[in-house]
Amino acid sequence: MNPTTIIEIAIVVIAILAFILYLVWQIKKKGLRTTAVDLIVKAEDMFKQGDNENKLNYVIDKIIVLIPAPLSFFITREAVREFIQTIFDEVKKALDYVPKEG
């Protein structure tokens, strides 16, 4: 086989692996969402009011531990932070909702 064919095969294999890892992450993320909500509640209980950075870091650290090793190469701490922040914002929005009168 010539080098071009080998490179093309390698690119296809890498693309397939990346897609599989993406699917695994999406499935895992759905389970992580519930876990993240539980950890947010626990952090709210553990840390004093206003200690938001420590609360967030606690949840991020716990979620990072749960990410499978192969995926941890592709998922940054900042991505986990954004994931947690999105969940927190959604929960807060739901809890702060006040129905409109009449």
Side-chain angles (χ1 to χ4, degrees):
M1 281 198 279
N2 64 31
T4 305
T5 305
I6 294 171
I7 292 172
E8 289 171 351
I9 292 172
I11 290 172
V12 170
V13 169
I14 290 171
I16 291 170
L17 288 175
F19 180 70
I20 290 170
L21 287 174
Y22 173 77
L23 288 178
V24 169
W25 168 243
Q26 292 301 315
I27 293 167
K28 185 77 172 169
K29 186 169 76 168
K30 289 186 187 346
L32 284 177
R33 185 176 198 80
T34 302
T35 303
V37 171
D38 293 342
L39 288 170
I40 288 168
V41 170
K42 185 174 182 180
E44 288 291 336
D45 190 43
M46 287 176 53
F47 295 92
K48 57 186 168 180
Q49 188 172 358
D51 198 3
N52 296 336
E53 195 62 32
N54 283 334
K55 292 175 191 176
L56 181 59
N57 285 327
Y58 170 80
V59 176
I60 291 170
D61 291 340
K62 295 295 184 180
I63 292 294
I64 286 175
V65 169
L66 298 174
I67 297 172
L71 292 178
S72 65
F73 293 113
F74 303 102
I75 300 169
T76 64
R77 184 174 182 84
E78 186 57 34
V80 174
R81 174 184 283 272
E82 290 174 15
F83 172 69
I84 299 301
Q85 189 63 53
T86 300
I87 292 169
F88 177 80
D89 293 344
E90 290 172 2
V91 170
K92 182 160 178 26
K93 182 179 177 182
L95 292 174
D96 290 346
Y97 176 75
V98 178
K100 295 178 183 175
E101 292 185 29

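Keep in mind that the numbers below use all heavy atoms, side chains included, and drop hydrogens, waters and symmetry copies. Everything quoted here is computed from the prediction, not taken from an experiment.
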What donor-acceptor contacts under 3.5 angstrom involve side-chain atoms of residues 55-71, with partners at least two apart or in another chain?
| from | atom 1 | to | atom 2 | distance (Å) |
| --- | --- | --- | --- | --- |
| K55 | NZ | E44 | OE1 | 3.0 |
| N57 | OD1 | R77 | NH2 | 3.4 |
| N57 | ND2 | E53 | O | 3.2 |
| D61 | OD1 | R77 | NH1 | 2.8 |
| D61 | OD1 | R77 | NH2 | 3.0 |

Point to revise | Over 12 foreign heavy atoms within 6.0 Å of CD, Q49 | key: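 Count not over threshold, so no.
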Practice item. Determine whether F83 and I75 make a side-chain contact, defined as any pair of heavy atoms from C-beta on separated by less than 4.5 Å. Key: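 SC-SC contact between F83 and I75 ruled out.
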Check your understanding: Members other than V41 in its cluster, when Ile, Leu, Val, Met, Phe, Trp, Tyr link by side-chain heavy atoms under 4.5 Å?
Key ->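 Grouped by the 4.5 Å side-chain rule, V41 forms a cluster of one, so the answer is none.
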Side-chain donor-acceptor distances from residues 2-12 under 3.5 Å, at least two apart:
| from | atom 1 | to | atom 2 | distance (Å) |
| --- | --- | --- | --- | --- |
| N2 | OD1 | T4 | N | 3.3 |
| N2 | OD1 | T5 | N | 2.9 |
| N2 | OD1 | T5 | OG1 | 2.8 |

Check your understanding: What is the distance from atom OG1 of T35 to atom CD1 of I40, rounded to the nearest 0.5 Å?
Key ->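 Taking OG1 in T35 and CD1 in I40, the distance rounds to 11.0 Å.
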